[in-house]
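Note that these values count all heavy atoms, side chains included, but never hydrogens, waters or copies made by symmetry. Quick caveat, the model's predicted, so the values are computed rather than measured.
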Amino acid sequence: MPTPAMEDYLEQIYRLIETKGYARPVDIAARLKVTSPTVTKMIQRLHESGFVRYEKYRDVILTAKGKKIGQSTVRKHEILEEFFRILRVDDEVACLEIEQIEHYIGQQTSCRIASLVQFLKEHPPIYQSFLQYLLIRHAPPNKRLPDPSE
């Protein structure tokens, strides 16, 4: 079972491969805002655990096991981003909390959150009622009601 730190690396490796076609340690370091030696140590751990294949001075390649975890973590991250957007959580708060939560929710929970998000999108009057409730309970007076399509 990978640690949250390992999942962060697998997530970024997966994202890099999806966008650039490859993942190099220097790119991973830039994305995670860590040093190259730190990346090298983690890649070695991921290699020893069977999540990646890596040779010095080569690209990092996800194994099937590593790809599954990277893909799952990316999906959970995207679901949580959408959920936090619907909840109108401030971007800065959402970013910090999503990075933590994504490691501790399972498949069933992320699927249920995705279903709730989809339900609210398909039922704008219910979502509008929720936004109205938020305004009454949490917003300063005279604030414009947010548009549910935003």
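- Within the 4.5 Å cutoff, side-chain heavy atoms of Thr3 are placed close to those of Arg45.
- Nearest heavy atoms, Gly50 versus Thr63: O-OG1, 2.7 Å.
- By the salt bridge (Lys or Arg N to Asp or Glu O under 4.0 Å) test, Arg31 is found to be paired with no residue, residues two or more places apart in sequence or in another chain being considered.
- In this structure the side chain of His103 reaches within 4.5 angstrom of the side chain of Asp8, judged on heavy atoms.
- Annotation: side-chain contact (heavy atoms from CB on, under 4.5 Å) contacts of Asp59 (sequence neighbours excluded): Tyr22, Arg24.
- Val52 has its side chain within reach of Leu10: a pair of non-hydrogen atoms, C-beta onward, lies under 4.5 Å apart.
- Taking a 6.0 Å sphere around CD of Glu122, one finds it holds more than 12 heavy atoms contributed by other residues, nucleotides or ligands.
- Between Tyr127 and Leu120, the closest heavy-atom pair is CB-O, 3.7 Å.
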I'd like a table of donor-acceptor pairs (distance under 3.5 Å, sequence neighbours excluded) in which one partner is a side-chain atom from residues 93-101, with atom names and distances.
residue : atom : partner : partner atom : Å
Glu99   : OE2  : His77   : ND1          : 3.4

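- Between Thr38 and Tyr9, the closest side-chain pair of non-hydrogen atoms falls below 4.5 Å.
- Closest of all the heavy-atom pairs between Phe130 and Ile86 is CE2-O, 3.8 Å.
- Under the side-chain contact (heavy atoms from CB on, under 4.5 Å) criterion, Ala30 pairs with no residue at all, not counting sequence neighbours.
- No side-chain heavy atom of Val89 sits under 4.5 Å from any side-chain heavy atom of Phe83.
- Here the side chains of Leu16 and Val60 are not in contact, with every heavy-atom distance at 4.5 Å or above.
- Judged as a salt bridge (Lys or Arg N to Asp or Glu O under 4.0 Å), and not counting sequence neighbours, the contacts of Glu11 are Arg15.
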Donor-acceptor contacts under 3.5 Å from residues 65-75 side chains, at least two apart:
residue : atom : partner : partner atom : Å
Lys65   : NZ   : Ser49   : O            : 2.8
Gln71   : NE2  : Tyr14   : OH           : 3.2
Thr73   : OG1  : Ile69   : O            : 2.8

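- Here the closest non-hydrogen pair linking Ile28 and Ala23 is CD1-CB, 4.5 Å.
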